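Below, chain A is the first sequence line, B the second, and so on; all start at residue 1. Please read these numbers as outputs of a predicted model, since none were measured by experiment.
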There are 4 protein chains.
Amino acid sequence: MINRVVLVGRLTKDPELRYTPSGVPVTRFTVAVNRTFTNQQGEREADFISCVAWRKQAENLANYMRKGSLIGIDGRIQTGSYEGPDGKRVYTTEVVADSVQFLEPRSAQGQPPGGQPSYGAGQPSYGVPQSDPFGTPFPSQPPQNQPNYTRVDEDPFASSKGPIEVSEDDLPF
Amino acid sequence: MINRVVLVGRLTKDPELRYTPSGVPVTRFTVAVNRTFTNQQGEREADFISCVAWRKQAENLANYMRKGSLIGIDGRIQTGSYEGPDGKRVYTTEVVADSVQFLEPRSAQGQPPGGQPSYGAGQPSYGVPQSDPFGTPFPSQPPQNQPNYTRVDEDPFASSKGPIEVSEDDLPF
Amino acid sequence: MINRVVLVGRLTKDPELRYTPSGVPVTRFTVAVNRTFTNQQGEREADFISCVAWRKQAENLANYMRKGSLIGIDGRIQTGSYEGPDGKRVYTTEVVADSVQFLEPRSAQGQPPGGQPSYGAGQPSYGVPQSDPFGTPFPSQPPQNQPNYTRVDEDPFASSKGPIEVSEDDLPF
Amino acid sequence: MINRVVLVGRLTKDPELRYTPSGVPVTRFTVAVNRTFTNQQGEREADFISCVAWRKQAENLANYMRKGSLIGIDGRIQTGSYEGPDGKRVYTTEVVADSVQFLEPRSAQGQPPGGQPSYGAGQPSYGVPQSDPFGTPFPSQPPQNQPNYTRVDEDPFASSKGPIEVSEDDLPF
DNA sequence: TTTT
DNA sequence: TTTT
């Protein structure tokens with residue numbers, strides 16, 4: 001069985017880092033991939049593909065990427081379902097990123113989005129370590145003892161023996 | 001922008017051929033891809049991935065494949081949306097198959113599912129040409145003047161200049 | 001049978017357009033892809049992957065890309081062999097690009113390398129249409145009756161019925 | 001940087017397991033991938049793609065696959081070079097298999113190639129443990145203290161921190 | 001609910 | 001040096 005996806009596209013939003021109850025970093029995001037062909041009206045449409053990244057990939061995404069960033073994803077399609085608010089089953093499809101590539105030129109990198117206005121903030125925050133995991137510009141350790149971060153569904157691979165991350169880069173560039 | 005998917009898995013159902021109002025063959029189907037790793041409970045789960053094939057790929061699928069068949073897909077992820085019955089927007093993700101590979105051994109092929117009972121039909125239909133596009137075991141031409149086949153949404157690429165099918169094989173094996 | 005390759009990397013040289021005896025444009029080039037992991041010495045190595053593009057892809061490559069450009073390739077591995085100078089058989093492996101993506105930011109594009117500045121020519125030719133296919137910044141027609149361009153091996157797909165180019169974009173961006 | 005390959009094809013030979021000086025299992029093999037299109041003469045050609053698998057993948061290959069077996073590979077292209085016998089540099093391209101899929105139907109599996117005549121050997125060898133790593137039908141541990149196995153070049157990833165195997169299956173089916 |  |  002083979003299930004392989006490669007995407008190159010742009011983030012539709014600033015990625016937001018979350019943590020599972022057991023402290024595993026996770027980021028959900030959408031990649032807009034422009035089609036290489038046009039429709040009947042001669043317009044170039046795009047596909048908006050839901051993705052999820054875990055651990056270091058999630059942190060790198062949140063620390064170095066923002067809305068509009070060009071990104072490469074190597075991953076797999078994962079489907080699932082959940083009980084909708086109306087009691088009906090909702091089926092989901094998303095790409096789980098094994099590895100994430102940051103394809104912006106150097107000049108466009110290094111301005112990590114923080115709580116501050118992204119471009120041209122008043123006071124420089126780059127390189128200033130923060131205690132808030134959402135603000136730190138460098139890959140952070142899972143905040144083991146920080147009680148009030150955002151919780152998400154538990155990492156389904158928390159105790160899986162298979163490797164989750166293919167690329168173990170500490171820094172994406 | 002890159003959007004590439006490769007899947008190898010099994011059909012969850014006998015594929016069913018449909019035609020757009022303008023006579024373009026289309027088949028929607030689901031591929032079950034077993035994961036190569038196990039979950040916390042030690043179970044091997046599967047992803048159930050929605051796919052669509054057009055034209056010759058659609059015909060080959062309907063003519064030569066059935067529930068359980070091992071299949072290889074080379075395609076791309078396509079997203080879209082439609083108005084749900086309750087007026088809410090429903091978002092969709094599917095794989096559009098550029099090319100389809102039939103990975104069953106020869107012995108398991110050649111028993112095309114037809115209008116007849118697929119498994120264990122009374123009279124052999126193999127190789128018997130039919131006028132009904134749903135029953136013919138060989139790739140058929142779009143039934144231009146047959147009014148009462150099943151209609152589906154129009155082929156969005158009907159007049160697109162880009163190639164839809166990467167592989168132009170007349171026969172899949 | 002499935003044979004799919006996706007690469008994102010940088011051109012090791014300015015691409016050079018050639019034509020087959022029957023006038024089909026072809027460009028051979030090497031893509032350097034940095035590995036996402038390091039070796040025992042802690043160094044990040046790269047793979048230098050031989051590629052070939054035909055027709056419009058070849059022209060776009062030659063017209064818009066240069067040494068160092070970031071490029072995405074969607075293609076397949078092709079192997080072959082030829083008689084070496086010493087009479088021994090030499091085996092080759094290369095990636096045939098079905099589609100080529102130009103991943104440089106806009107600012108880095110639009111300066112098509114020509115005989116001019118790039119390779120040290122006198123006057124700027126940007127945007128100035130030329131009859132010479134090597135100088136024109138826009139995709140050109142195969143120069144059917146120009147006798148003295150560089151000849152290469154005949155296009156093996158010249159009369160193949162299968163589609164060669166997946167993406168039919170006239171302009172890569 | 002992205003470097004992803006997916007292949008489905010057939011082994012051109014029975015795979016042979018080797019070990020590096022430090023005991024890492026490695027198998028080199030060639031996958032024949034039939035093209036999905038025909039050449040000018042209407043013939044369907046094939047690409048013969050050099051591959052290498054390490055560790056458990058190498059063992060599974062040697063234990064469960066033979067000449068002609070249908071196989072799926074998820075991997076990356078790796079290039080390198082070595083000093084040829086005539087002192088000239090020889091450049092190599094091969095696919096490093098991150099994961100290997102065994103696509104034969106069950107009936108064709110389970111007859112591990114051994115020293116015995118492959119199909120229909122007189123005495124059943126399946127499931128009979130052997131001390132020879134080349135004959136055992138189950139994944140074996142690296143033969144740490146067996147001096148006289150075949151040596152090959154050292155595993156270049158022996159001490160790499162990155163994961164080598166994406167799929168950690170003990171058994172391929 | 002979408003990116004350049 | 002190649003597979004079905």
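Summarising the geometry, the separation between OH on C/Y91 and C1' on F/dT1 is reported as 5 Å, rounded to the nearest angstrom. Atom pair B/M1:CE and E/dT3:P shows a separation of 12 Å (rounding to whole Å applied). We find that CD of A/E104 is positioned 15 Å from P of E/dT3, with the value rounded to whole Å. As a whole-Å value, the separation of D/E43 CD from F/dT2 C1' is 16 Å. Going from atom CZ of D/F102 over to atom C1' of F/dT3 covers 17 Å, rounded to whole Å. Straight-line distance from the CD1 atom of B/I77 to the P atom of E/dT3: 19 Å, rounded to whole Å. Spacing between atom CD of A/E94 and atom P of E/dT2 amounts to 19 Å, rounded to whole angstrom units. Between the CG atom of A/L103 and the C1' atom of E/dT4 there is a distance of 14 Å, rounded to whole Å.
In this structure, of F/dT1, E/dT2, F/dT3, it is F/dT3 that holds the atom nearest to the side chain of D/T12. Ranking F/dT1, F/dT2, E/dT2 by closeness to the C/R89 side chain, first place goes to F/dT1. Candidate nucleotides F/dT3, F/dT2, E/dT4 were compared by shortest atom distance to the side chain of A/R10, and E/dT4 ranks first. For D/A46, the side-chain atoms get nearest to F/dT3 when compared with the rest of F/dT3, E/dT1, F/dT1.
Taking a cutoff of 4.0 Å between a charged side-chain nitrogen and a carboxylate oxygen, A/E94 and A/R28 qualify as a salt bridge. In summary, A/R10 and A/E104 engage in a salt bridge, as defined by a charged side-chain N under 4.0 Å from a carboxylate O.
Side chain of D/T92 to backbone of D/G80: a donor-acceptor contact under 3.5 angstrom is found.
Side-chain contact between D/V100 and D/I73 is present, with at least one heavy-atom pair separated by less than 4.5 Å.
Residue D/G9 is out of contact with every strand shown, counting any heavy-atom pair closer than 4.0 Å.
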